[in-house]
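Note that ligands are numbered from 1 as they come in the structure, with each ligand's atoms numbered from 1 the same way.
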Amino acid sequence: MLPPPWLVRGARSLWHWQWLQLMGGLGPADDQGNYRRPPAAFGEAIAVPGDAAEPGAHVLIVGRSCPWAHRAWLVWGLRALAGPIELVVVEPDPQAGRWRFAEPFEGCGTLAELYGRCGAPPGARATVPLLYSRHRQEVVVGESARLIELLNRWPSTRSLDLDPPDQRQATAAWRERLQHTVNDGVYRCGFARTQAAYDAAEAALFASLEAAEAQLGEGGAPWLSGPLPSLADVQLFPTLIRLELVYAPLFGVSRRPLWQLPALWAWRSRFHGLPGVADSCWPEAWRRDYFGALFPLHPSGIVPAGPPLATLVGSFPPVPGDAGSQPDSSG
Ligand SMILES: N[C@@H](CCC(=O)N[C@@H](CS)C(=O)NCC(=O)O)C(=O)O
């Protein structure tokens with residue numbers, strides 16, 4: 001028998017109130033219900049340190065599921081920086097809602113301890129990515145947009161410049177647009193508190209994806225800002241590679257599946273094929289972390305099955321027996 005309408009109404013408004021409280025734990029919103037990402041601690045731009053080329057002097061701390069960490073991981077991989085910069089992958093602790101080290105790092109068990117030790121203001125979020133100096137025992141930079149610029153200038157044996165001079169203006173314009181409407185845009189959809197907030201973020205997201213599609217479409221350059229890959233491509237990839245796996249089902253960004261944007265589909269496959277990119281992709285960890293940890297959006301914690309990554313980065317449509325239809329085992 002159905003419960004009486006007054007009970008359904010009461011339970012719904014109580015649950016909605018509780019949901020708003022829980023969403024407050026994920027991040028702040030303005031009074032219109034738009035998600036507002038808090039600023040990072042250690043967010044200042046800095047110069048390449050004098051001991052940059054010294055093996056093991058610096059450590060890049062990342063988490064597999066985090067798209068902001070993924071962009072730093074990509075530059076580290078694309079520019080072959082494993083010699084001078086050690087990569088440390090932290091694990092999520094969904095119960096405590098924080099990152100922890102698999103092995104104690106500089107005497108710290110959690111990222112929050114390391115932040116505290118490095119002088120982060122009390123209450124600052126302990127976020128990845130983070131570049132740490134072992135010699136100075138301090139954070140070099142903890143904000144991904146500045147960090148990828150720094151890693152692009154880091155001395156490397158692979159002379160790849162991801163800010164090619166002839167494309168600099170276009171790269172900067174794309175990066176600025178992507179940061180707000182796409183990279184943060186998917187979060188602004190998923191973490192919206194009201195329909196209007198969601199609608200605005202969703203429209204801006206797809207307007208940018210359609211602009212990228214037009215840019216890369218017929219006769220366009222292979223990369224977002226021109227003939228060479230740039231930091232703009234680096235910024236777009238972590239969001240687009242998570243689209244079908246996480247963001248469409250969890251954040252509600254499914255108006256246009258990527259197969260309806262064929263130039264972007266081809267671009268994603270092309271980027272995934274660059275040396276150093278595939279090793280940074282962990283689809284099982286992405287799904288486990290997002291669906292398992294974002295309780296207010298997915299209280300059951302059940303991790304749904306998703307398409308194998310290989311079917312998202314091959315040619316379209318996937319050909320049976322082709323590498324593109326093999327199950328992905330990297331995650
Ligand atoms: N603005 C930061 C955002 C980084 C960020 O929000 N990272 C998330 C993971 S996707 C995190 O570490 N969150 C932990 C927390 O908020 O406690 C950047 O771009 O570096």
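Of all protein heavy atoms, the one lying nearest to atom 1 (N) of ligand 1 is Glu143 OE2, 3.5 Å. Looking only at protein heavy atoms, the nearest one to atom 9 (C) of ligand 1 is Cys66 SG, 3.2 Å. Considering only non-hydrogen protein atoms, atom 13 (N) of ligand 1 sits nearest to Thr127 CG2, 3.7 Å.
The pair Asp51-Arg136 counts as a salt bridge, with a side-chain nitrogen and a carboxylate oxygen less than 4.0 angstrom apart. A salt bridge links Glu244 with Arg268; the closest basic N to acidic carboxylate O contact falls under 4.0 Å. The existence of a salt bridge linking Glu54 and Arg134 is excluded, since no basic side-chain nitrogen approaches an acidic carboxylate oxygen closer than 4.0 Å. Between Arg168 and Asp163, at least one side-chain N (NZ, or NE/NH1/NH2) sits under 4.0 Å from a carboxylate O, which counts as a salt bridge. The pair Arg188-Glu202 fails the salt-bridge criterion, with no side-chain N (NZ, NE, NH1 or NH2) lying under 4.0 Å from an Asp/Glu carboxylate O.
Contact annotation: for Arg125 versus ligand 1, heavy atoms closer than 4.0 Å belong to the side chain alone. The proximity of Arg37 to ligand 1, defined as any non-hydrogen pair under 4.0 Å, is limited to the side chain. Residue contacts with ligand 1, taken as heavy atom pairs separated by less than 4.0 Å, involve Ala126 solely via the backbone atoms N, CA, C and O.
The N/O atoms of Ser144, backbone and side chain alike, include one that comes under 3.5 Å of an N/O atom in ligand 1. Close N/O approach between Trp99 and ligand 1 is found [any backbone or side-chain N/O within under 3.5 Å]. For ligand 1, one of its N or O atoms has an N or O atom of Val128 under 3.5 Å away.
Surrounding CG of Leu14 are more than 12 heavy atoms belonging to other residues, nucleotides or ligands, all under 6.0 Å away.
For the atom pair OG1 (Thr181) and CZ (Phe206), the distance works out to 11.5 Å, reported to the nearest 0.5 Å.
Counting only distance, with no hydrogens or angles, the side chain of Arg117 and the backbone of Glu113 share no donor-acceptor pair below 3.5 Å.
Remark: distances from the non-hydrogen atoms of Gly142 to ligand 1 include one below 4.0 Å.
Near Pro129, with a cut-off below 4.0 Å to any heavy atom, the atoms of ligand 1 are 20 (O).
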